[in-house]
Amino acid sequence: VFTYNILLKALCKNGRVDGARKLLKEMSNKGCSPDNVSYTTIVSSLCKEGRVEEARELAKSFAPIVPVYNALISGYCQECEFGTAFDLLNEMSVRGIDPNVITYTIVINNLCDAGNVDLSMAVLGKMISRGCDPNIHTFTSLIKGFFSKGRLHEGCDLWSRMIREGIVPNTIAYNTLIHGLCASNFVVEALSVLHQMERNGCTPNVTTYSTLIDGFAKLEDLDGATEIWNRMIRSGCYPNVVAYTCMVDALCRVGMFERATDLIENMARSNTSPNTLTFNALIRGLCRYGRVNCAMKAFVSMGIHGCLPN
RNA sequence: UGCAACAACAAC
């Protein structure tokens with residue numbers, strides 16, 4: 001089974017789900033029964049390709065297990081077919097298969113992405129009433145959901161509630177909080193969250209730093225952005241293309257184009273090549289400052305660096 | 001070996 005599952009996963013990853021389906025049949029014929037992992041791999045891959053109906057049909061021939069339901073529910077949510085997702089959730093209960101924290105979190109996260117935090121909160125209530133405790137993923141999805149609707153206060157309240165319930169925030173949760181604060185221009189508060197996470201022994205990553213650099217950049221606070229950049233380097237965290245691009249943007253917004261260009265050259269020399277967004281930041285900055293000729297030169301240099309305009 | 005959460009540009 002392990003041999004077959006490894007192959008199934010590899011086939012699915014390379015977009016050869018149909019090959020995987022054939023292999024699934026073949027393994028049974030050769031006397032090696034597929035297990036729950038085999039089923040979930042196939043169903044999940046079909047869903048990710050948007051072939052949800054097909055996945056559901058196929059799943060009918062498998063044992064009804066939670067991960068397969070989760071993959072299907074996730075698939076229907078991605079297609080914004082929340083009605084069907086809720087039907088499946090009901091079907092689970094009817095068949096005596098208890099949804100787990102992942103099941104509910106999938107629904108909550110997708111509803112949040114669709115902009116419906118309020119319904120997500122209702123699902124949270126439902127899972128708790130059924131004795132299923134939300135975890136860090138659940139709370140992070142909801143907090144992000146409130147923030148993306150501009151409901152900063154409710155997002156922060158939920159953060160406090162999560163802490164009260166004894167859930168220890170991880171780097172991703174902190175990053176979500178920092179991003180929410182930055183998006184509402186509360187960069188000073190975001191910075192104090194960075195300090196708080198460090199005090200609590202949670203290591204910031206390149207996303208943490210990029211989020212803060214971007215926050216300062218949007219407020220045209222080059223000193224703030226630079227301070228974060230230096231802090232990132234000092235901590236031994238390597239900037240990626242996003243971090244570089246945020247820093248290029250910070251420089252461009254205050255008209256420091258020579259330094260921005262130097263930074264891009266730096267990237268090209270390291271193994272972090274600039275991308276289209278990096279050049280868009282530079283070109284937009286130059287245009288804002290009326291330096292259209294330089295912008296045209298940057299546009300040419302973009303092609304030299306192998307970046308296509310979008 | 002399988003299912004869920006985080007960051008950067010623009011236009012509409």
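The structure presented is a predicted model; accordingly, all values stated were derived computationally and were not measured.
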Consider the side chain of A:Ile106, meaning its heavy atoms from C-beta on, and name the nucleotide among B:rA8, B:rA4, B:rU1 that approaches it most closely. B:rA4
I want to verify a distance call: between B:rU1, B:rC3, B:rA4, whose nearest atom is closest to the A:Lys9 side chain? B:rU1
Using a 4.0 Å heavy-atom cut-off across all strands, classify A:Asp249 as base, sugar-phosphate, or nothing. nothing
Verify the contact: side-chain N or O of A:Lys144 to OP1 or OP2 of B:rC6, cut-off strictly under 4.0 Å; return yes or no. yes
Assign the ring pair A:Tyr289 / A:Phe257 to parallel, tilted or perpendicular, where the plane angle (0 to 90°) is split at 30° and 60°. perpendicular
Rounded to the nearest angstrom, tell me the gap between atom CD1 in A:Ile213 and atom C1' in B:rC9. 16 Å
Looking across every strand, which nucleic acid part, if any, lies under 4.0 Å from A:Asn170 by heavy atom: base, sugar-phosphate, or nothing? base
Length of the CD1-P vector between A:Ile283 and B:rC9, whole Å: 15 Å
side-chain N/O A:His137 vs B:rC6 OP1/OP2, d < 4.0 Å: no
Which nucleotide wins on minimum distance to the side chain of A:Thr211, given the candidates B:rG2, B:rA8, B:rA7? B:rA7
How close or far is atom P of B:rA7 from atom CG of A:Leu181, stated in whole angstroms? 14 Å
Give one of base, sugar-phosphate or nothing for A:Asn240, where a contact means two heavy atoms less than 4.0 Å apart. base
Using a heavy-atom cut-off of 4.0 Å across all strands, would you classify A:Thr41 as base, sugar-phosphate, or nothing? sugar-phosphate
If you count heavy atoms of other groups shown closer than 6.0 angstrom to CZ of A:Phe299, is the number above 12? no
From C-beta outward on A:Ile102, which listed nucleotide comes closest to its side chain: B:rA8, B:rC3, B:rG2? B:rC3
As a test of reading the structure: which of B:rU1, B:rA5, B:rA8 is closest to the side chain of A:Ser141, going by heavy atoms? B:rA5
Choose from B:rC3, B:rA5, B:rU1 the nucleotide whose nearest atom is closest to any side-chain atom of A:Val37. B:rU1
Less than 4.5 Å apart, any side-chain heavy atom of A:Leu23 and any of A:Leu8? yes
Checking B:rA8, B:rA4, B:rA10 against the side chain of A:Arg284 (C-beta onward), the nearest is B:rA10
A:Lys13 side chain near B:rG2 phosphate (N/O to OP1/OP2, under 4.0 Å): no
Touch check for A:Asn135, heavy atoms < 4.0 angstrom, all strands: base, sugar-phosphate only, or nothing? base
Taking atom types as they are modelled, would you say the side chain of A:Asn110 forms a donor-acceptor pair with the base of B:rA4 within the 3.5 Å cutoff? no
Take the protein atom CD1 of A:Ile136 and the nucleotide atom C1' of B:rA4, then report the distance between them rounded to whole Å. 13 Å
In the structure I gave you, are the side-chain heavy atoms of A:Leu142 and A:Cys112 within less than 4.5 Å of one another anywhere? yes
From B:rA8, B:rU1, B:rA7, pick the nucleotide closest to the side chain of A:Ser210? B:rA7
Is the shortest side-chain N to carboxylate O distance from A:Glu54 to A:Arg21 below 4.0 Å? yes
Regarding the side chain of A:Asn36, the nearest nucleotide among B:rG2, B:rA7, B:rA8 is B:rG2
Expressed as a whole number of angstroms, how long is the span from A:Leu277:CG to B:rA10:C1'? 8 Å
Whole-Å distance between B:rA4 C1' and A:Asp133 CG? 16 Å
Output the rounded distance in Å from CG (A:Leu177) to P (B:rA7). 13 Å
Any side-chain heavy atom of A:Met27 sitting closer than 4.5 Å to one from A:Ser38? yes
Nearest-Å distance for atom pair CG/C1', residues A:Leu8 and B:rC3: 16 Å
For residues 223-232 of chain A, please give each side-chain donor-acceptor pair under 3.5 Å, one per line with the distance, not counting sequence neighbours.
{"residue": "A:Thr226", "atom": "OG1", "partner": "A:Leu222", "partner atom": "O", "Å": "2.6"}
{"residue": "A:Asn230", "atom": "ND2", "partner": "A:Thr226", "partner atom": "O", "Å": "3.4"}
{"residue": "A:Arg231", "atom": "NH2", "partner": "A:Glu198", "partner atom": "OE1", "Å": "2.7"}

Quick check for you: among B:rC3, B:rC6, B:rA8, whose closest atom lies nearest to any side-chain atom of A:Asp214? B:rA8
Which part of the nucleic acid, if any, lies within contact of A:Lys218, taking any heavy atom under 4.0 Å across all strands shown: a base, the sugar-phosphate backbone alone, or nothing? sugar-phosphate
